[in-house]
There are 2 protein chains.
Amino acid sequence: MENKTARAPRRSRIQQKNRETILAAALDVFSAQGFRGATLDQIALQAGLSKPNLLYYFGSKEEIHRDLLTGLMTAWLEPLRAMREDGDPLAEMLGYMRRKLDLSRDFPRESRLFANEILQGAPRISEVIQGELRDLVQEKARLLSRWMDLGRIRRSDPVHLIISVWALTQHYADFESQTRAVLGEGHDPWTEAAAFLETLYRRLLSPLPG
Amino acid sequence: MENKTARAPRRSRIQQKNRETILAAALDVFSAQGFRGATLDQIALQAGLSKPNLLYYFGSKEEIHRDLLTGLMTAWLEPLRAMREDGDPLAEMLGYMRRKLDLSRDFPRESRLFANEILQGAPRISEVIQGELRDLVQEKARLLSRWMDLGRIRRSDPVHLIISVWALTQHYADFESQTRAVLGEGHDPWTEAAAFLETLYRRLLSPLPG
DNA sequence: GCACAGCCTGACCACATGGTCAAGATTTTT
DNA sequence: AAAAATCTTGACCATGTGGTCAGGCTGTGC
């Protein structure tokens, strides 16, 4: 038995570099055009490699897309995963929202790639969603529920609370063209969004005085 | 000068019927596959017409798509447009949210068609967004601002308030596959969403007592 | 510097896709 | 009922696209 895992075969330096180059280019193209809209020629051009060379590193267009998505999932769940039981409940929720918003701001291409996939019914990542994602959400919903029982934050449906964070933060990345058009010049969507969402979640969750 | 407008030429009964059939089929296919992912063959099959016949009624794939989107815009803006100055501010906002949520629930294909378009940067409807949509939002934001000045609802950024309604209601339609997976069996996303969102906007907007 | 594995590409293929067209079928008008 | 207008389609085309392959190039270990 060789010293390598099935998922991460040993790679030469050239392989390492070119695979990264290809994935970076593919992220650009897939996030802008969707899976069907993207072409291997565009990705090859963006990567500065020939099309057959792309297919030397990845078996198919599908495989590039799959690798991008699975690589993305871990990072995407991190903000929620980082919500700690031993912190202040309101601060933990606001911190989660803030981390998710920052993620959307700093990685809009990843956000769009993900949105495109879910829009088509998530055919390529349904297992992850029904497994890892679902479990994590259920776990954190139970945590929120406990906090609500203790009166540390006001009661509302904990799963929909988590969903609302996704909806609001994703929206600023995925619908950025619309948001910018509606806000007009002289507005920074992200700064304003951060302030608005902090207000929103404070009012929704702050325990009533007394 | 003939008795017909440039935008709505007189049409025979056959034309009327077939154009509707085609648009309905196209909505199915475009919303499920995106513009690039959809093919004229799929639309023709769904419509029960031959491909050349499609192109007898619509000059191109692009034209079908454009007609769908522009036809959709009016209906999509209606819930916001219906927010009246002379009503109770909180009830008006909750009513707006509720109408938008119902629209997402009852017309998920339209919602997805729209989402797909914005995700790609809204190349085909940027004028509408920068014109009609922007104007309407600005107008209603001023109304909300006035209500806030009067202390009838609590202060928050009015444009982002409107954006939050879009984000939250669209999410339940566009990301339905994800939402259902996370909630699991035995949940009705729409009923729960309506309750959660009512709580959310009540707490965000209710004036402080005293 | 030589051999060999790993890397790269031009030329090519099969198929899908948006769109055309001439000719035939059907409906409407007179 | 005939003429005119409208509707419908099979056959076809040009282009784009994912993917293949034989053979050449290049970096690495000896």
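Note: hydrogens, waters and symmetry copies are ignored here, and every other heavy atom, side chains too, is used.
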Any donor-acceptor N or O pair under 3.5 Å, side chains B/S164, B/Y201: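 Per modelled atom types, B/S164 and B/Y201 side chains form a pair under 3.5 Å.
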Does a side-chain N or O from [X] land closer than 4.0 Å to OP1 or OP2 of [N], or not?
{"X": "B/N18", "N": "D/dT8", "answer": "yes"}
{"X": "A/R36", "N": "D/dT17", "answer": "no"}
{"X": "A/Y56", "N": "C/dC7", "answer": "yes"}
{"X": "A/Q15", "N": "C/dG6", "answer": "no"}

hbond_proxy B/K51 side chain to C/dG18 base (donor-acceptor, 3.5 Å cutoff):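 When only heavy-atom distances are counted, B/K51 does reach the base of C/dG18 through a donor-acceptor pair under 3.5 Å.
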Length of the line joining [X]:[atom1] and [N]:[atom2], which is rounded to integer Å:
{"X": "B/L40", "N": "C/dT20", "atom1": "CG", "atom2": "P", "answer": "11 Å"}
{"X": "A/E62", "N": "D/dG18", "atom1": "CD", "atom2": "P", "answer": "12 Å"}
{"X": "B/I22", "N": "D/dT8", "atom1": "CD1", "atom2": "P", "answer": "9 Å"}
{"X": "A/D41", "N": "D/dG19", "atom1": "CG", "atom2": "P", "answer": "12 Å"}
{"X": "A/L49", "N": "C/dT9", "atom1": "CG", "atom2": "P", "answer": "7 Å"}
{"X": "A/I64", "N": "D/dG18", "atom1": "CD1", "atom2": "C1'", "answer": "11 Å"}
{"X": "B/R19", "N": "D/dT6", "atom1": "CZ", "atom2": "P", "answer": "15 Å"}
{"X": "B/L54", "N": "C/dG18", "atom1": "CG", "atom2": "C1'", "answer": "11 Å"}

First of A/P52 and A/R13 reached from the 5' end of DNA chain D, by closest nucleotide: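 Residue closer to the 5' terminus by nearest nucleotide: A/P52.
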Sugar-phosphate, base or nothing in reach of A/A44, heavy atoms under 4.0 Å: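 Answer is nothing: A/A44 stays at 4.0 Å or more from every strand.
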From C/dC8, D/dG19, D/dT8, nucleotide with atom closest to B/S50 side chain: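 For B/S50, the side-chain atoms sit closest to D/dT8.
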Main-chain N/O of A/Y57 paired to A/R19 side chain as donor or acceptor, under 3.5 Å: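 Between the backbone of A/Y57 and the side chain of A/R19 there is a qualifying donor-acceptor contact (under 3.5 Å).
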Contact list for residues 177-186 of chain A, test side-chain hydrogen bond (donor to acceptor under 3.5 Å, both in side chains), sequence neighbours left out: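 For residues 177-186 of chain A, and leaving out neighbouring residues, the side-chain hydrogen bond (donor to acceptor under 3.5 Å, both in side chains) pairs sorted by first residue read A/E176-A/R180.
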SB check B/E92 B/R84 (cutoff 4.0 Å): no
Ion pair B/E85/B/R146, N-O distance below 4.0 Å: yes
Upstream residue (5' side of DNA chain C) when A/Y57 and B/G59 are each assigned their closest nucleotide: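 In this pair, the answer is A/Y57.
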